[in-house]
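The structure appears right after this line, and notes come after that.
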Amino acid sequence: MKTARAILAGLVFAGNTVAQPYPAKPIRFIVGPGPDALARVIGQQLTHAWGQPVIIDQRGGGGGTISAEAVAKAAPDGYTLLLATGTHTINPSMYKVSYDMVRDFAPVTLLASTPFILAVHPSVPASSVAELIKLARSKPGALNYGSGGSGTPPHLATELFKATAGIDIVHVPYKTVAAAITDLVAGQLQVMFTVGPAGLPQIRAGRIRGLAVSTAKRSAFAPELPTIAESGLPGFDVFGWNGLLAPAGTPNPVVAKLHEEIVKALRSTEVRERIASFGFEPVGSTPEEFGEFVKADIARWAKVAKESGARVD
């Protein structure tokens with residue numbers, strides 16, 4: 001059953017369709033954790049198609065809770081949207097949040113995904129996932145792994161890897177991914193799940209050793225690396241992602257128009273090439289598919305957080 005908010009929004013939209021077809025004013029993309037490059041690419045395409053500026057509003061802090069809260073409380077009219085990431089589906093398990101990631105948002109589309117790369121310092125005597133697992137089992141607690149912060153997707157991805165492989169390695173959280181990679185290159189860390197754009201240059205320069213990608217299929221960005229699933233842990237499939245969410249109650253015609261134009265952009269050669277340069281692969285799922293994805297991601301990370309005892313330090 002539609003909420004009063006959704007019904008009111010639909011009536012307002014219907015009453016304005018003749019005088020002010022959507023969009024009739026600037027659209028705001030609120031970006032939380034992570035870079036805003038993907039938001040800018042999509043925003044430029046919408047501006048070109050619709051003639052309305054798309055404003056990129058960076059609101060970091062709170063591990064992404066600030067950006068999500070701002071959109072959850074925004075008017076459901078399609079003019080305030082959240083560039084969501086995996087951090088947003090982890091947050092309900094790590095923070096006490098004032099919003100519900102399912103109830104308070106209307107999914108638009110999963111924009112793009114990127115694999116994590118399991119990498120080690122060259123001094124670590126492991127050239128494969130199997131060898132790393134064997135080493136870690138022989139020396140419980142002796143290896144350190146880094147991340148760009150507690151509660152981030154690479155942190156929880158490593159906790160899932162630990163649980164699946166039955167190993168004990170110690171988390172060392174950093175304030176940024178760059179700082180963690182610097183220490184991995186220096187040998188202060190032994191293991192890390194890194195995103196492609198940050199890790200691949202170091203891997204190809206020989207400063208760190210890539211062992212595998214975290215996705216179910218091999219990545220076009222590093223086809224030489226096997227998947228963790230094919231390296232002895234069947235079913236392992238984790239990745240970073242960006243998607244677009246609107247406030248709950250946003251009229252279906254607005255969501256549909258956003259989805260149609262964004263998917264059209266994601267299919268263009270120019271946009272695909274630009275997204276690839278960031279280390280992402282375009283997706284463009286339906287709103288329904290993205291909604292189911294968000295639910296599943298929340299449930300997955302809740303289970304990992306509970307079983308691992310992961311918390312925000």
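Quick note: numbers below take in every heavy atom, side chains included, and nothing from hydrogens, waters or symmetry partners. Position 1 is the first residue of the sequence, and the numbers go up from there.
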Heavy-atom donor-acceptor pair, [X] side chain to [Y] backbone, under 3.5 Å:
X	Y	answer
D237	A216	yes
S214	F116	yes
D36	V31	no
K295	V102	no
Y145	I169	no
H48	Q44	no
R209	V120	no
R218	P223	yes
S113	G240	no
S285	T109	no

side-chain contact (heavy atoms from CB on, under 4.5 Å) between R40 and F29: does it pass, once the steps are laid out? CA-CA 9 Å; R40 293 190 181 281; F29 280 3; over 6 Å; no
Answer whether the closest heavy-atom distance between the side chains of [X] and [Y] falls below 4.5 Å.
X	Y	result
L258	L81	yes
Y99	V71	no
L160	L156	no
L244	I262	yes
S128	L211	no
V271	Q45	yes
T215	V238	no
F239	E281	no

Please check if [X] and [Y] belong to a single hydrophobic cluster, counting links between Ile, Leu, Val, Met, Phe, Trp and Tyr side chain heavy atoms closer than 4.5 Å.
X	Y	answer
V170	Y174	no
Y95	V294	yes
L83	V54	yes
V263	V108	no
V195	M192	no

Where is the tightest heavy-atom contact between [X] and [Y], given as atom of each residue plus distance?
X	Y	answer
N91	G64	ND2-C, 3.8 Å
A229	F236	CB-O, 3.7 Å
H259	P287	CD2-CD, 3.6 Å
P122	G206	CG-O, 3.8 Å
V177	A198	CG1-CB, 4.2 Å
P201	R207	O-NH1, 4.3 Å

Supply the atom-to-atom distance [X] [atom1] to [Y] [atom2], rounded to the nearest 0.5 angstrom.
X	Y	atom1	atom2	result
I117	F193	CD1	CZ	10.5 Å
I208	I203	CD1	CD1	4.5 Å
I27	I55	CD1	CD1	9.5 Å
M101	I90	CE	CD1	11.0 Å
L266	L110	CG	CG	9.5 Å
R59	I66	CZ	CD1	9.5 Å

Does W301 have K306 sitting over its ring (NZ/CZ under 6.0 Å from centre, angle to axis within 45°)?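 Output no; distance or angle outside limits.
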Cation over ring, K25 on Y79, under 6.0 Å and within 45°?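 Because its charged atom sits under 6.0 Å from the ring centre and within 45° of the axis, K25 does stack over Y79.
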Stepwise side-chain contact (heavy atoms from CB on, under 4.5 Å) check, L143 with L135: CA-CA 9 Å; L143 300 178; L135 175 65; 4.2 Å; yes
For residues [X] and [Y], is any side-chain donor paired with an opposing acceptor at under 3.5 Å?
X	Y	value
E69	S98	yes
H171	T158	no
T227	E230	yes

Pair E307-K303, salt bridge (charged side-chain N to carboxylate O under 4.0 Å, His left out): steps then yes or no: CA-CA 6 Å; E307 293 180 350; K303 184 173 185 291; 3.0 Å; yes
Tell me if the aromatic rings of F293 and W241 count as close, with their centers under 6.0 Å from one another.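 Yes: the rings meet the under 6.0 Å criterion.
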Test side chain to side chain donor-acceptor pair (under 3.5 Å) applied to H88 and S67, step by step: CA-CA 9 Å; H88 288 103; S67 59; 3.1 Å; yes
Atom CZ of R137: over 12 foreign heavy atoms under 6.0 Å: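 Yes, CZ of R137 has more than 12 neighbouring heavy atoms, counting only those of other groups under 6.0 Å.
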L111 and V283: CA distance, side-chain angles, deciding distance, side-chain contact (heavy atoms from CB on, under 4.5 Å) verdict: CA-CA 5 Å; L111 294 168; V283 179; over 6 Å; no
Given salt bridge (charged side-chain N to carboxylate O under 4.0 Å, His left out), test K257 with E260 step by step and report yes or no. CA-CA 5 Å; K257 188 169 185 178; E260 181 181 4; over 6 Å; no
Please lay out, stage by stage, how L245 and F290 fare under the test side-chain contact (heavy atoms from CB on, under 4.5 Å). CA-CA 9 Å; L245 295 170; F290 186 34; 3.6 Å; yes
